[in-house]
Amino acid sequence: MRRRLCPKEALFTPSFIAVCSANLLFFIASFMMVPVLPIYLLDGLHASKSVVGIILSAYMIGALVMRPLSGFLADQFPRKILFLVCGILFAAQFEGYLLFNALALVGIVRALHGMSFGALSTSAATLGVDVIPIAKLGTGIGLYGMMGSLAMALGPMIGMLVLEAGSYDAVFITAMGCAAGGIAGLITGLIHVKCRVRDLQRVTASRGEKISLDRFFLKKGTYAFIGLVLMAFVYGLLVNYLSVFARERHVMANPGYFFLLMSLGLILSRLFAGGMIDKGYIGRLILGGKGTILLASLLFLFVPTETVFFGSAVAFGLGFGMMSPSYQTLFINLAEPTRRGTANATYLIAWDVGIGAAVLLGGLIAEISSFDDAFILGLIMLFFSAVLYMKVIGPQYEKNRLR
């Protein structure tokens, strides 16, 4: 049977706009918690640094547990409905932070919240890819990813401003309201969302296949998965421990401005990265991004001034902005159309593993020595990630890519 295509191959369709808008609000709600929760645990609940690391890592562990299953479900069932159900669960679970103040219960709430976010982001990413024309896949993924960049700028800043003006509970309520706005936008937009390519093979042949590992993890992307995990470690240290790191460095300005500048770099990178991906320059962007992140990390660590602290944020943004959509496109290009959910899940699992390891090890290393040593470990992982891409990932991708 022929594939059913939309009459136009335009990128900015109502479908694409609806998915991106809902995703922006969900991610703002998530990023609002990033700088606030470590302070809440340290000052509000009097947790130790190692316990903070364990509780923060519970979010990523929860997401990690759900990624393979959510990728499988995204390949099996209507992605619009899956996205909506996960969004409702994600928004409702903010209430747990309001109801519980025991560390063990907060850890459980954080793990459950991570599970709903893991399923939410996987179904959203897969639905987003569905409504992007193949010829504009790199550009579309870049613009879709820009929603996360905007959320990274707005979420932490909003969270810290609400905390300064109100209380921890005010932050949790505001985040819940933002997620509820994402649900409302998604419900409104559902009438417009029509998959650009509705491959009937996904509905028939995919359901008839036997359950195997490749239904949950893209085996052809194993080496890329390892390289991305090593990269995500640095990102995990930044987004989860920046507020505490800034306090140790005696940075007086609001740490939320770091995320604002970092997102500026991410947005600037989208101006050229998507077009370069569509022209086939995935490898150059990945290596260029890793080099830029390495430079930013060196400045961040070894030039302890407030100006360099915030200036490195732009470089971090540029590096991750080049690297992230390139890696996602790489996974998608390695997968059959019936495995897009699995490809996106594998890509996101790599982020979860890297960020979760950073949160857990970062807290433990900081308890023993300092956050500086945790970032030095991140630099080592970053170096090995670049070597792995040049020696293994790049050649393997060129051999096995499907488009």
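Values reported hereafter were calculated over all heavy atoms of this structure, with side chains retained and with hydrogens, waters and symmetry mates removed. Residues take their numbers from the sequence shown, with the count starting at 1.
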inquiry  = side-chain contact (heavy atoms from CB on, under 4.5 Å) for Ser263 and Leu150? Distances and angles first, verdict last.
reply    = CA-CA 6 Å; Ser263 67; Leu150 290 172; over 6 Å; no
key: Audit row: Ile141, Ile332, side-chain contact (heavy atoms from CB on, under 4.5 Å) steps and yes/no   = CA-CA 11 Å; Ile141 287 176; Ile332 293 170; 3.6 Å; yes
task = Evaluate side-chain contact (heavy atoms from CB on, under 4.5 Å) for Met147 paired with Phe27, printing each intermediate quantity in order.
result = CA-CA 8 Å; Met147 299 302 102; Phe27 269 81; over 6 Å; no
task = Any chance you could lay out the side-chain contact (heavy atoms from CB on, under 4.5 Å) test for Leu230 and Leu382, step after step, and finish with the verdict?
result = CA-CA 6 Å; Leu230 295 174; Leu382 188 61; over 6 Å; no
task = Give the intermediate values and the outcome of ring pair (Phe, Tyr, Trp, His ring centres under 6.0 Å) for residues Tyr40 and Phe172.
result = CA-CA 11 Å; Tyr40 172 63; Phe172 303 147; 5.4 Å; yes
message = Between Tyr257 and Phe310, does the ring pair (Phe, Tyr, Trp, His ring centres under 6.0 Å) criterion hold? Intermediate values first, please.
response = CA-CA 8 Å; Tyr257 292 120; Phe310 286 105; 7.1 Å; no
request  = List the steps and the verdict of ring pair (Phe, Tyr, Trp, His ring centres under 6.0 Å) for Phe90 and Phe117.
outcome  = CA-CA 6 Å; Phe90 175 74; Phe117 181 75; 5.7 Å; yes
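Taking the six-membered ring for Trp and thresholds of 30 and 60 degrees, Phe12 and Phe16 have ring planes more than 60 degrees apart, a perpendicular arrangement.
Test Ile226, Leu348, Val229 against Val353 for side-chain contact (heavy atoms from CB on, under 4.5 Å) and you get one pass: Val229.
For the residue pair Asp373 and Ile365, the shortest heavy atom distance occurs at CB-CG2, 3.8 Å. Between Ala91 and Ala180, the shortest heavy-atom contact is CB-N, 4.2 Å. For the residue pair Ser116 and Cys86, the shortest heavy atom distance occurs at O-CB, 4.2 Å. Scanning both residues, Tyr144 and Asn23, for their nearest heavy atoms gives OH-ND2, 3.1 Å. Residue Leu218 comes nearest to Ala335 through the heavy atom pair CD1-CB, 4.0 Å, listed as atom of the first residue, atom of the second, then distance. Considering all non-hydrogen atoms of both residues, Ser297 and Phe316 come closest at OG-CE2, 3.4 Å.
His46 places none of its side-chain heavy atoms less than 4.5 Å from the side chain of Leu42. Taking 4.5 Å as the limit, every side-chain heavy atom of Leu330 sits out of range of all side-chain heavy atoms of Ser326. Annotation: side chain of Val234 is not in contact with side chain of Phe300 (no heavy-atom distance under 4.5 Å). Counting heavy atoms from C-beta on, the side chains of Leu294 and Phe383 never come closer than 4.5 Å. Between Leu41 and Leu56, some side-chain heavy-atom pair lies under the 4.5 Å cut-off. Residues Phe31 and Ile158 form no side-chain contact, since every pair of their non-hydrogen atoms from C-beta on lies 4.5 Å or further apart. In this structure the side chain of Leu238 reaches within 4.5 angstrom of the side chain of Phe375, judged on heavy atoms. Between Ile108 and His113 there is no side-chain heavy-atom pair separated by less than 4.5 Å.
Side-chain N/O atoms of Asn333 and Tyr397 include a donor and acceptor closer than 3.5 Å. Looking at Tyr347 and Thr122, their side chains never bring a donor and an acceptor atom within 3.5 Å of each other. For Arg67 and Ser121, the side-chain atoms include at least one donor-acceptor pair closer than 3.5 Å.
Checked by atom type and distance alone, the side chain of Asp372 never pairs as donor or acceptor with a backbone atom of Leu301 at under 3.5 Å. Judged purely by atom type and a 3.5 angstrom limit, Ser21 has no side-chain atom pairing as donor or acceptor with the backbone of Ala18. Not one N or O on the side chain of Ser324 forms a donor-acceptor pair closer than 3.5 Å with the backbone of Gly321.
Distance check: Ser385 OG to Met390 CE gives 9.5 Å after rounding to the nearest 0.5 Å. To the nearest 0.5 Å, atom CH2 of residue Trp351 and atom OG1 of residue Thr346 are 15.0 Å apart. For the atom pair Ile376 CD1 and Leu237 CG, the distance stands at 11.5 Å (nearest 0.5 Å). Between the CD1 atom in Ile88 and the CD atom in Gln93 there is a gap of 12.0 Å [rounded to 0.5 Å]. Atom OH of Tyr327 and atom CD1 of Ile277 lie 12.5 Å apart (nearest 0.5 Å). From Met33, atom CE reaches atom OG1 of Thr174 across 11.0 Å, with rounding to the nearest 0.5 Å.
The environment of Phe384 atom CZ is sparse: at most 12 non-hydrogen atoms of other residues, nucleotides or ligands sit within 6.0 angstrom. Glu95 CD: 12 or fewer foreign heavy atoms inside a 6.0 Å radius.
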